[in-house]
Amino acid sequence: MIDLKLLRNDPDRVRASQVARGDDPALVDALLKADEGRRAAVTRADNLRAEQKAVSASVRSASAAERPAVLEKAKELAAEVKEAEAAQAQADEALRAAHLAIPNVVHPSTPAGGEADFVVLGQVGEVPSYDFEVRDHLDVGEVLKAIDTERGAKVSGSRFAFLTGPGALLELALVNLAMARAVDAGFVPMIAPALVRPEAMEGTGFLGAHASEVYKLESDDLYLVGTSEVPLAAYHSGEVLESLPLRYAGFSSCFRREAGSHGKDTRGIIRVHQFDKVEMFSYVDPSDAEAEHARLLEHEKAFLTDLELTFRTIDVAAGDLGSSAARKFDNEAWLPSQQRWLELTSTSNCTDFQARRLGVRVRTPGGPRVAATLNGTLCAVGRTIAVLLEVHQRADGSVHVPAALQPYLGGRTELTPA
RNA sequence: GGUGGCGUGUCCGAGCGGCCGAAGGAGCACGCCUCGAAAGCGUGUGACGGUGCAAGCCGUCCGUGGGUUCAAAUCCCACCGCCACCGCCA
């Protein structure tokens, strides 16, 4: 939710943000109107209530003769208050709806436009070349007996896979490396629930436009999270925090319905319904949000560099941001089989938008203040495995293990076909 | 899943349908005392919304949502959560 004070003081800035995202600026005026309507309703209900309280308090001290008249008046007022409160509830709801309809105000540096309008911020490493015919990650993985998508489909359906043997070990190694790096960087490691209540899902903004992406357990009224950002953001919901920053690295399975992606990345494990991920999540003072965003990006880049991958960093355009994000950087690794960049990690600065919705505040000398939240992928395991297998493959079917990962794979320097 | 109990401010904890934003502690802040500290004493110490330049004033909040009543922390209902015991189970 955006700051209503900002809206009142500088509606043009919010309108401009809407335009940058390709959203309707008229929603801003609808919100302004709803805000005014609610304030009028609140004032009216408050005044009536004050009057009613006064009359009500006089009931006891009224003499027996006066009492019937006072009671009569009190009853009238009670009815009026009831009506005014209903009107206020309606106005509250109208405001809430209009409020939720507006995504976060984009950062001034965020490129305007849609998916194709990103700006490349830089590249690490050279696009690799191979003097043999490269296999895609599934071919490499099958030779190594590391990935089994056929049986994944047999057991669970399309877009499910088994990680087997070296594939399973590779996942654990990546998770351990990521967690070790996160701990070094001061993050508190967390194993987060993958099932959450509707409030957590709603509060993080995942039940908006992308609700169809989310798995729901109807009979239990629980959702499967698509990222541990959800439980980590909801972790401190409704709290006034004593001090910031708070940094967490959450490990959890992630579930995505991939409802709108039929026919896209159907081969292998690049796009699956279930994968594991280590996610960084920071709560900071709003004035530190930008610096924290840079920090998260550096952690991500360092991790990809450790894996000896070639990648570029892009500044995602406004129209391609999630509703909570003011700015987002993606790191895209080079995928040799398709000769293209593939999003591997991503970090978003949600400023105070998400925290306002979740009621996360910090104690400051001037009173509680809404915090800022940021998230960033440290390692989305499945996709990372896919890219590793492709990039580090050799002509003989073996795969080089990056030096940073070797300690977590029992010192193995390569994976070889069984 | 069954039975019973319980959910009050940063924490503990009291609370008769009106005088309760709520006793009393603890904690914290400031002051006094002290060479300094501790102890002791004194004062202060919630959030949200509305209104106002401001001091302030008004309203809301006692797990959540409804209901009864002129009036609800207090009565009724539902839900959520916690605890104990039983059953089941990794």
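Residue numbering restarts at 1 for every chain, and letters A, B, ... go by the order of the sequence lines. Since this is a predicted model, take the numbers as computed values, not measurements.
As rounded to whole Å, 10 Å separates atom C1' of B:U64 from atom CD of A:Glu199. Taking atom CG of A:Asp46 as the reference point, atom C1' of B:G52 lies 15 Å away to the nearest angstrom. In this structure, A:Lys53 atom NZ and B:C20 atom P are separated by 12 Å, rounded to whole Å. Rounded to whole Å, the distance from CD on A:Glu36 to P on B:G50 is 13 Å. The distance between atom CD of A:Gln88 and atom C1' of B:C48, rounded to the nearest whole Å, is 12 Å. Atom NZ of A:Lys5 and atom C1' of B:C48 are 11 Å apart (whole Å). Atom-to-atom, CZ of A:Arg363 to C1' of B:C28 comes out at 10 Å; the value is rounded to the nearest Å. Atom-to-atom, CE of A:Met1 to P of B:G49 comes out at 12 Å; the value is rounded to the nearest Å.
As the counterpart of B:C6, B:G81 is assigned, both hydrogen-bonding distances of the Watson-Crick or G-U wobble pattern falling under 3.5 Å. Of all nucleotides present, none satisfies the Watson-Crick or G-U wobble test against B:G17 with each distance under 3.5 Å.
Residue-to-nucleotide proximity on RNA chain B shows that, of A:Arg197 and A:Arg49, the 5′-proximal contact is made by A:Arg49.
Minimum interatomic distance between A:Arg412 and A:Leu169 (heavy atoms only, all atoms of both residues): NH1-CD1, 4.0 Å. Residues A:Ala20 and A:Ala318 come closest through the heavy atom pair O-CB, 3.3 Å.
Comparing B:C20 with B:C53, their P atoms are spaced 33 Å from each other, to the whole Å.
Contact annotation: A:Gln52 reaches the phosphate of B:A71 (side-chain N/O to OP1 or OP2, under 4.0 Å).
The base of B:G59 lies outside donor-acceptor range of the side chain of A:Thr43, with no N or O pair under 3.5 Å.
Backbone-only contact: A:Arg38 has heavy atoms under 4.0 Å from sugar-phosphate atoms and none from a base. Within the nucleic acid shown, A:Arg369 has no heavy atom closer than 4.0 Å to any nucleic acid atom.
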